[in-house]
Number of protein chains: 2
Amino acid sequence: MTVRPLAIKPRLDSPTIALDVMGGDAGLADVMAAAEVASERYPRLVFRLHGPEDRIRAELPHCPRLAATATVVHTDEVVLGTDKPSQALRRSRTSSMGMAIQSVKDGLAHAAVSAGNTGALMAMALFALRTMPGIDRPALAALLPTLKNDSVVLDLGANTECDAENLVQFAVMGAAFARTVLGLERPRVALLNIGVEELKGTDELKEAAALLRGANLPMIFEGFVEGDKIGQGNVDVIVTDGFSGNIALKTAEGTGRLVVGLLTAAFKSSWLTQLGYLLSRGALRALRAHLDPNAHNGAVFLGLNGIVVKSHGSANVRGIANAIGVAHDLIADNVGERILHDLANFRAHRPDTSAVEVAK
Amino acid sequence: MTVRPLAIKPRLDSPTIALDVMGGDAGLADVMAAAEVASERYPRLVFRLHGPEDRIRAELPHCPRLAATATVVHTDEVVLGTDKPSQALRRSRTSSMGMAIQSVKDGLAHAAVSAGNTGALMAMALFALRTMPGIDRPALAALLPTLKNDSVVLDLGANTECDAENLVQFAVMGAAFARTVLGLERPRVALLNIGVEELKGTDELKEAAALLRGANLPMIFEGFVEGDKIGQGNVDVIVTDGFSGNIALKTAEGTGRLVVGLLTAAFKSSWLTQLGYLLSRGALRALRAHLDPNAHNGAVFLGLNGIVVKSHGSANVRGIANAIGVAHDLIADNVGERILHDLANFRAHRPDTSAVEVAK
């Protein structure tokens with residue numbers, strides 16, 4: 001077993017991930033097991049493991065691939081789930097989450113992955129990495145299951161209020177993300193709205209729609225989409241402000257749980273339905289797998305000078321491994337460069353929207 | 001068969017409903033059948049039927065209770081589903097929808113019920129009936145199924161942007177609605193937000209929360225609720241601006257359909273699962289019934305000088321009868337007076353929120 005000593009720079013010709021082993025409900029052993037799974041899946045992947053050295057080293061014998069390449073960066077400090085972003089920021093340089101981000105800032109890793117406190121991660125990442133040139137605000141993007149393929153939704157809570165320019169930037173970032181994680185050349189992009197007619201919604205939405213309609217971007221702009229169409233999977237990227245995006249994502253999660261809860265109660269209601277359940281359970285397992293958040297795990301802060309992936313707090317080993325996989329793919333696809341390129345292109349051929357009817 | 005002649009004032013000692021027989025997908029015969037069902041359920045209910053007299057009279061023999069009490073108000077003009085609110089307003093006095101609202105304005109009916117174009121109905125109702133004293137904007141409220149009892153959600157799309165005062169008024173109106181339709185003395189009320197901490201969300205939400213926390217209203221104010229908790233049924237009234245409310249409602253509808261769609265596909269996947277379905281279908285029917293929009297039909301425009309109920313465009317006879325039932329209950333409970341009383345009480349003991357931290 002060889003573990004690289006501390007403070008040695010990883011070979012940055014290999015995709016390198018700074019992993020906060022302390023974040024989330026799963027616990028250190030599961031986070032490391034997930035890194036081992038990801039190492040098997042992507043043999044070139046290299047890790048920096050941020051957390052308590054003793055506990056990490058005690059676990060490494062169970063993770064032979066990880067042990068062969070990982071750098072351990074010791075800290076005992078952790079960001080708690082209850083910490084406010086302001087409290088967490090004070091431990092930017094001392095906590096496992098903060099140090100993982102710092103590794104990206106210092107060029108020692110390409111991406112940071114944490115399952116910890118979302119608000120803290122967002123604040124630390126923004127503070128340390130800053131936004132990319134041309135991006136005013138970063139956005140949190142994630143995948144949502146639909147009847148067809150997954151859809152990308154952003155922003156999911158980084159910005160409660162957004163102007164048209166922010167929404168256009170989100171569309172560019174979301175399309176770049178969809179190209180990487182969904183493998184689409186020209187993703188279909190739509191703005192979330194309360195109707196599909198051009199006159200519906202806020203002024204910001206109308207102006208953003210006009211800008212996207214006229215722009216020459218590597219996407220198919222589909223106009224507006226309503227909340228009930230999200231599940232149909234007819235668009236690949238759904239763009240919205242962080243308030244509505246958060247409401248939509250959480251309402252979808254809650255409704256999914258509601259229906260599954262009612263379904264479970266329905267199956268338990270008699271011996272006949274219980275027998276029915278037994279006969280159908282293979283199919284129901286497939287349904288559950290389709291909706292399993294672990295299959296869609298890995299929300300990404302887009303628009304920063306560095307990649308930061310948030311694994312769901314309740315994700316299991318497979319879920320965390322998927323989040324690491326998302327980080328790997330974003331590194332491999334050089335998603336930051338794509339976004340910069342598309343934004344520069346948008347600016348060079350910026351559509352004239354002075355004729356759009358918006359009350360200013 | 002006696003049908004009251006045109007232009008005779010109904011006995012307003014009886015609850016009287018002005019019914020647009022032309023709205024929605026169901027068609028005139030089903031709308032009238034629904035009124036017949038409601039007449040059986042509420043024998044004191046009296047109807048004014050707005051629509052083409054010939055077709056209404058041709059249908060009346062199938063609706064003996066309705067025939068015995070209804071007034072027919074002839075018009076051939078209808079508001080189409082594709083009409084913009086501005087187009088519809090031009091037919092405020094000539095279309096079946098507009099004339100139903102006009103009946104309320106003229107004191108010839110207590111409530112108008114239509115399954116037609118929502119935007120048109122909202123515009124006509126606001127234009128003809130105006131807001132109640134103390135209400136700045138009306139709100140669209142509806143019932144959403146949860147794991148427990150239904151919850152009231154408002155606003156669902158009447159106002160895309162709302163200030164704190166609007167949200168407080170929505171809370172008062174939503175609580176009054178919940179008392180009537182859910183039969184609760186002190187409904188639990190919460191504001192929809194992207195987190196439950198006091199510092200989360202927009203300034204409007206923080207200020208509205210402070211006002212409601214300090215107010216002495218016949219409700220239990222529960223603070224903020226997140227989208228994923230809507231389906232749990234732990235609050236009775238969920239208050240939000242029309243943009244987020246519309247997104248949440250439609251996302252919930254879409255996700256429900258997504259899960260049911262996946263479930264149907266799962267059951268069809270093999271003969272074993274099909275057999276399982278056959279054995280379980282009683283329970284699954286109960287599940288479908290629990291989620292059936294027709295069981296929760298009847299969105300209400302609250303805050304106007306008169307009651308206006310919107311039946312879902314795709315509602316069936318039972319759904320439309322339920323919407324008429326909602327109108328009946330609101331008339332019987334005198335919901336307008338309740339709202340006026342609670343608002344006056346709120347104003348008389350208005351909490352001091354000058355210490356609330358909001359960036360103005």
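Per chain, numbering begins at 1; letters A, B, ... match sequence-line order.
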Contact class of S244(B) relative to chain A, heavy atoms under 4.5 angstrom: both

With a 4.5 angstrom heavy-atom cut-off, is it the side chain or the backbone of R281(B) that approaches chain A, or both, or neither? neither

At what distance, to the nearest 0.5 angstrom, does CG of N193(A) lie from NZ of K250(B)? 8.5 Å

Please identify, among S280(A), G282(A), S270(A), the residue contributing the most non-hydrogen atom pairs under 4.5 Å to chain B. S280(A)

Between OG1 of T255(B) and CD of E253(A), what distance do you get to the nearest 0.5 Å? 10.0 Å

When rounded to the nearest 0.5 angstrom, what distance separates OG1 in T82(B) from CD in E197(A)? 10.5 Å

Can you tell me which of I194(A), L258(A), L144(A) forms the most heavy-atom pairs within a distance under 4.5 Å of chain B? I194(A)

Which of A248(A), G254(A), G227(A), G231(A) touches chain B most, by non-hydrogen pairs under 4.5 Å: G227(A)

Heavy-atom pairs under 4.5 Å with chain B - which of T160(A), I230(A), V260(A), V259(A) has more of them than the others? V259(A)

Can you tell me which portion of E161(B) sits under 4.5 Å from chain A's heavy atoms? Options are side chain, backbone, both or neither. side chain

Between chain B and each of S269(A), A252(A), G195(A), G261(A), count heavy-atom pairs under 4.5 Å; write down the option with the most. A252(A)

Proximal component of R257(A), with respect to chain B [non-hydrogen, under 4.5 Å]: side chain

Which of L278(B), T240(B), L147(B) touches chain A most, by non-hydrogen pairs under 4.5 Å: L147(B)

For a 4.5 angstrom cut-off between non-hydrogen side-chain atoms, does L279(B) reach Y277(A)? no

Part of I238(B) within contact of chain A (heavy atom distance under 4.5 Å): neither

Rounded to the nearest 0.5 Å, how far does CG of L192(A) lie from CG of N246(B)? 9.0 Å

Crowded around D136(A) CG? As in, over 12 foreign heavy atoms under 6.0 Å? yes

Just verifying a value: how many Å separate I247(A) CD1 and F243(B) CZ, rounded to the nearest 0.5 Å? 11.5 Å

